[in-house]
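Have a look at the structure below before the remarks.
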Amino acid sequence: MNIGKYDIPVYEFNTVVVGTGAAGYNAADRLHQNGQSNIAIVTEGVNCGISRNTGSDKQTYYKLTLSGGEPDSVGEMAKTLFDGQCVDGDHALCEAALSAQNFLRLVDLGVPFPRNAYGEYIGYKTDHDPRRRATSVGPYTSKLMTEKLQHAVEQKNIPVFDNMQVVKFLVHENRVLGLLCWALDKQEFVAFSCKNVICATGAPAGMYRNSVFPLGVWGATGAAFEAGVKGKNLTEWQFGLASVAPRWNVSGTYMQVLPKFISTDEKGNDARELQLDLGMVFLKGYQWPFDVRKLDGSSAIDIIVHEETCQGRRVFLDFRENPGNQPVDFAALPSEAREYLEKAGACFGTPLQRLLHMNAPAVSFYQDKGVDLATEPLEIALCAQHNNGGMAIDHWWQTNIEGFFAAGEAAASHGVYRPGGSALNAGQTGSARAAMYIAAKRQGSPQSDFAQLAQTQIAQAVAIAENASGENNVNALWQAAATTMSDCGGAIRKPAQMQESLAQVQQQLANFNVTGDVSAVFRYRDVLICQLMYLGAMLDYMAQGGTSRGSALYVDEHGSGTSGDVVQEANYADGQCSYSWRPVRPIPQDDDFFENVWRSFRETGNIE
């Protein structure tokens, strides 16, 4: 296609998977396994992605209990997920039902999940988990998963288009046409005509300044919203304390060794220690996510850190000296902290000495990233870590747009609370479900008149690229917008400031005059669309009587609360957002009589 000054090559596939994280690679591998070979993967960077470059929640894999004598069942696990509030029951059931299959397939691919001498895959309890369903291979569990899935895809010679930034999903009459990318290496447009898209691009990671999402991960949620994909549960995020450089959660032993908290001005001067309760600091290691139910406990620390940064100050963890520059009185600590440190043999020395004793790899990690905890403090902030909402999906992970599927963190299968590690299983489940449905129901070629139907939409993107030339203002605009979002629409939500920020975002989108690097301009526009949708969702939630819950504290709230049995959905059209509410879908109670299920499985594969 020739539009403006660009000659745009067009590639044709049945299905294009966007993203090379654990969900994206699994989608491609499962498609091929199910007999769908006319597929390709599109990615901004093969070695980027949330699964490959993060820890914390990504080090835990949540699945059905596969060891010991403790009873468990698919139904019970589904209920645990469903009880997280604002969760659709069909998603909970699918994630529970496929969890063992997903897990054991990863084992077969070479992920070394621990098992005992008798072959039981042992587990431990994670947050919001009544059973010992969690397992791990250490801080790089999701990274290892991604690498093993990548190897499986490479063995099948599935084409991968690297350095491709999605700038527009192309849709006609509520049906997918394909997608338009900006080739980062060649600085040109590339189009893909396809019958199906599986969007596994992660969360809209560029919205917040204070973010633990790895640099180079931006998502494409705004492009999906612009194409007409509905949002769901956009108000629900997970936030927690994390280091700023490198971006990494400071949970677990980083807090249990009782570091000193220091606040400075923007230039690192005027240092003063924050006076914090050491029992709460210790609990912060266990209770890492910010939780409004713990405002009188460990989450008070999150509030203090956040307010310091909102005032233009910086906060650091100092492992070189004890709080108050005095030896810790371990006997005076709350029993939980004292007994833990006594059992660990760590009732001595400085925080760094305790950290080296209890978890030396935690020190080595920062050394490998160029930060020596023995000689310098570690800057932290209250950061966005995971979006529990995202794109609205059905029980095959298909959105309201025919042929457009979402998997991984891009998909909204979670609610307010979720067990730690459930995100990895959700990504494997969603990508597997989408692949099963496409292979059974959506084979064939894409639209033959792609060029004609997509021309106007592509021309809109070309115009943005052609208008991007000029003095660079995109970086400053993006930084300002992300800072405002963190200050007023992050873990602590301030309605007056959110309303003001929303008006600014609307104005910028309506009069989009952004110049600089073309890829940054497109990313910033994606960020603005997301901020518009998410800020609007938060304000609509308050207007419906919503109050603080989960990882969000609403300031000046006057409502009586909303039920966890309803979900909010969001629409974007022509620069305007609208919101609606519906009851959650209950956990399905299907006929489980064997002969009936077997017969329908033989006839349809039970894919409908």
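Nothing fancy with the numbering, it's 1 onward along the sequence. Scope of the values below: all heavy atoms of this structure, side chains included, with no hydrogens, waters or symmetry mates.
- Remark: D540 engages no residue in a salt bridge (charged side-chain N to carboxylate O under 4.0 Å, His left out) (not counting sequence neighbours).
- Applying the side-chain contact (heavy atoms from CB on, under 4.5 Å) rule to V244 yields the partners E379, A381; only residues at least two apart in sequence or on another chain are considered.
- Side chain of R30 to main chain of R433: no donor-acceptor pair is present (N/O by atom type, distance under 3.5 Å, no hydrogens or angles).
- Looking at heavy atoms from C-beta onward, I393 lies in side-chain contact with H91 at the 4.5 angstrom threshold.
- Salt-bridge annotation for R418 and E95: absent, with no side-chain N of the basic residue lying under 4.0 Å from a carboxylate O of the acidic one.
- Checked by atom type, the side-chain pair Q150/E154 shows a donor-acceptor distance below 3.5 Å.
- Side-chain contact of N425 with N102: a donor-acceptor pair under 3.5 Å is present, judged by distance alone.
- Panel note: side chain Q398, backbone I438; no donor-acceptor pair is recorded below 3.5 Å.
- Across K148, E147, Q155, a single residue satisfies side chain to side chain contact (heavy atoms under 4.5 Å, CB included) together with H151, and that is Q155.
- Applying the side-chain contact (heavy atoms from CB on, under 4.5 Å) rule to N387 yields the partners A203, P204, W237, E409, Y534; only residues at least two apart in sequence or on another chain are considered.
- Judged by distance alone, the side chain of S243 and the main-chain N or O of L378 form no donor-acceptor pair under 3.5 Å.
- Using a 4.5 Å cut-off on side-chain heavy atoms (C-beta onward), M391 and F404 make contact.
- With E569 contributing its side chain and A392 its backbone, the two residues share no donor-acceptor pair below 3.5 Å.
- Not a single donor-acceptor pair under 3.5 Å links the side chain of D90 to the backbone N or O of D394.
- With hydrogens and angles disregarded, a donor-acceptor distance shorter than 3.5 Å links the side chain of K156 to the backbone of A152.
- Taking the six-membered ring for Trp and thresholds of 30 and 60 degrees, Y140 and F365 have ring planes inclined between 30 and 60 degrees apart.
- Side-chain atoms of Q165 come within 3.5 Å of backbone atoms of S519 as a donor-acceptor pair (strictly under, hydrogens ignored).
- Between the N472 side chain and the V474 main chain, a donor and an acceptor come within less than 3.5 Å of each other.
- With hydrogens and angles ignored, the 3.5 Å screen pairs no side-chain donor or acceptor of Y572 with any backbone N or O of C530.
- Within the 4.5 Å cutoff, the side chain of T221 has no heavy atoms near those of the M533 side chain.
- Aromatic ring pairs are classed by plane angle as parallel below 30°, tilted from 30° to 60° and perpendicular above 60°; the pair W182 and F189 is perpendicular.
- Between R523 and E44, some side-chain heavy-atom pair lies under the 4.5 Å cut-off.
- Here the side chain of D526 pairs a donor or acceptor atom with the backbone of A223 at under 3.5 angstrom.
- Residue pairs that meet the salt bridge (charged side-chain N to carboxylate O under 4.0 Å, His left out) test with at least one member in residues 420-430, sequence neighbours left out, do not exist here.
- In this structure the side chain of Y25 reaches within 4.5 angstrom of the side chain of T146, judged on heavy atoms.
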Passes side-chain contact (heavy atoms from CB on, under 4.5 Å), T20 versus I41? Steps please. CA-CA 8 Å; T20 46; I41 299 176; 3.6 Å; yes
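- Remark: N14 pairs with Q36, N196 by the side chain to side chain donor-acceptor pair (under 3.5 Å) rule, at least two apart or across chains.
- Annotation: salt bridge (charged side-chain N to carboxylate O under 4.0 Å, His left out) contacts of K195 (sequence neighbours excluded): none.
- Using cut-offs of 30° and 60° on the angle between ring planes, the pair Y524 and W478 is tilted.
- Between the side chains of Q447 and D449, at least one donor N or O lies within less than 3.5 Å of an accepting N or O.
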